[in-house]
Amino acid sequence: MLSILKNARMPLFLHRKSNHIFTVWQHLVLLTIRQYEGKSYRMFTEWLLVEVYYLRMFLNLSRIIPHFTTLQKFTDRITGTILESIISSFILLTTIKQIFFGIDSSGFKPSHAPQYYTERSRLRKKWIIKLSVGDDDMLKQIICTIKIRRAPKRHDNIDFQPIITRTSEIRPLSIAVYVTRAMTVKRIMY
């Protein structure tokens, strides 16, 4: 993860007036390990305090360990451009020469309110959060590009061209595949 952050030229701090207690690199490495371990934020900080002495020494966290709310707030501050630069530097460090590319999208509700209540009270329009993911090398299933947008229910074809363009800037594409609603597979040769 540290070589990926170095290759992405990620700054140590997001803003020059930040408090400079923990670096962006420390936060991103800790969040990656938390995701890998499958722990909640609170459990992860307790685990870090009790069990992982050498990791704390490696990340220079010998005196202070970040509070679980610090990690949660940093997760909220991560932008799509930061994620894209990390993902693209990861793809550049792999040995993949050409990409067999596939695209898929999923929709998520922006809140936990029941659908019946929101329709009945007419509080909100039917907005969803759309996550479009471009998979690099379909056999290895490495995520190469993401696009997150908040939009009404619309088809995924809107996101196809920007995702293809971003991915082709990282590595040359050999074949691009996407599945339409009618479950027909469309291939584009490059």
Side-chain angles (χ1 to χ4, degrees), residues 1-94 104-118 121 123-136 140-151 159 163 166 170:
M1 186 65 185
L2 292 176
S3 62
I4 290 171
L5 293 172
K6 183 178 180 181
N7 192 28
R9 295 183 177 163
M10 189 65 55
L12 288 178
F13 301 101
L14 290 178
H15 195 269
R16 62 183 175 87
K17 291 186 177 182
S18 64
N19 58 9
H20 296 290
I21 296 173
F22 303 108
T23 64
V24 172
W25 290 29
Q26 288 172 335
H27 281 298
L28 287 172
V29 169
L30 288 174
L31 288 174
T32 304
I33 294 171
R34 185 198 73 82
Q35 185 68 33
Y36 178 76
E37 289 291 323
K39 298 186 182 298
S40 67
Y41 289 101
R42 191 179 300 247
M43 291 292 293
F44 179 71
T45 54
E46 290 174 7
W47 177 74
L48 221 105
L49 182 63
V50 175
E51 295 183 23
V52 212
Y53 175 76
Y54 291 111
L55 177 65
R56 289 193 324 245
M57 291 300 120
F58 181 72
L59 292 176
N60 295 326
L61 296 173
S62 58
R63 292 177 290 149
I64 302 173
I65 295 174
H67 196 259
F68 70 93
T69 57
T70 305
L71 292 174
Q72 287 174 337
K73 290 175 185 177
F74 180 77
T75 304
D76 290 339
R77 283 195 310 263
I78 295 175
T79 61
T81 55
I82 291 174
L83 288 177
E84 279 186 25
S85 66
I86 291 171
I87 290 171
S88 63
S89 67
F90 175 74
I91 296 298
L92 290 174
L93 288 178
T94 60
D104 192 21
S105 297
S106 295
F108 301 99
K109 293 180 184 177
S111 70
H112 297 288
Q115 177 111 14
Y116 174 78
Y117 174 73
T118 55
S121 61
L123 291 177
R124 280 188 221 109
K125 295 180 182 177
K126 294 182 181 179
W127 297 96
I128 59 171
I129 297 174
K130 198 69 149 173
L131 171 67
S132 299
V133 176
D135 288 334
D136 168 29
K140 295 180 183 174
Q141 296 185 356
I142 300 171
I143 293 176
C144 187
T145 309
I146 59 171
K147 180 170 178 162
I148 302 170
R149 65 180 167 90
R150 188 175 182 139
D159 300 332
I163 289 177
R166 287 186 205 159
I170 299 171

Participant: Just wondering, do F22 and L61 contact through their side chains at under 4.5 Å, heavy atoms?
Facilitator: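 L61 vs F22: side chains touch.
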Participant: Evaluate whether atom CZ of F13 has more than 12 neighbouring non-hydrogen atoms of other residues, nucleotides or ligands under 6.0 angstrom away.
Facilitator: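 Yes.
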Participant: In Å, rounded to the nearest 0.5 Å, how long is the span from CD1 of I4 to CD1 of I86?
Facilitator: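 That separation rounds to 8.5 Å.
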Participant: If you define the side chain from C-beta out and look only at heavy atoms, does anything of L30 sit under 4.5 Å from P66?
Facilitator: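 Contact flag for L30/P66 side chains = yes.
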Participant: About how many Å separate CZ of F68 and CZ of R42, when rounded to the nearest 0.5 Å?
Facilitator: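 CZ of F68 is found 3.5 Å from CZ of R42.
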Participant: Could you go step by step and tell me if F58 and L2 meet the side chain to side chain contact (heavy atoms under 4.5 Å, CB included) rule?
Facilitator: CA-CA 11 Å; F58 181 72; L2 292 176; 3.4 Å; yes
Participant: Taking all non-hydrogen atoms of both residues, which atom of A8 and which atom of S85 are closest, and how far apart?
Facilitator: CB-O, 3.7 Å
Participant: Looking only at heavy atoms, what is the nearest atom pair of L71 and T75, with distance?
Facilitator: O-OG1, 2.8 Å
Participant: L31 versus R34: any side-chain heavy-atom pair under 4.5 Å?
Facilitator: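 With C-beta onward as the side chain, the pair touches.
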Participant: Heavy atoms, side chains only, cut-off 4.5 Å: are M1 and L5 in contact?
Facilitator: yes
Participant: Taking CD in Q35 as the centre, count heavy atoms belonging to other residues, nucleotides or ligands within less than 6.0 Å. Is the count above 12?
Facilitator: no
Participant: Show the nearest heavy-atom pair for residues V24 and M10, with the distance to one decimal.
Facilitator: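 Of all heavy-atom pairs spanning V24 and M10, the closest is CG1-CG, 4.1 Å.
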Participant: Kindly compute the distance separating OG1 (T23) from CG (L28), expressed to the nearest 0.5 Å.
Facilitator: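 Spacing of OG1 (T23) from CG (L28) equals 8.5 Å.
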Participant: What distance do I65 atom CD1 and Q26 atom CD have between them, rounded to the nearest 0.5 Å?
Facilitator: 11.5 Å
Participant: How long is the gap from CE on M43 to CG on L48, to the nearest 0.5 Å?
Facilitator: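 It is 12.5 Å, given to the nearest 0.5 Å.
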Participant: Between Y41 and T69, does a side chain to side chain donor-acceptor pair (under 3.5 Å) hold up when you go through it step by step?
Facilitator: CA-CA 8 Å; Y41 289 101; T69 57; over 6 Å; no
Participant: Drop me the distance from L59's CG to I33's CD1, to the nearest 0.5 angstrom.
Facilitator: 6.0 Å
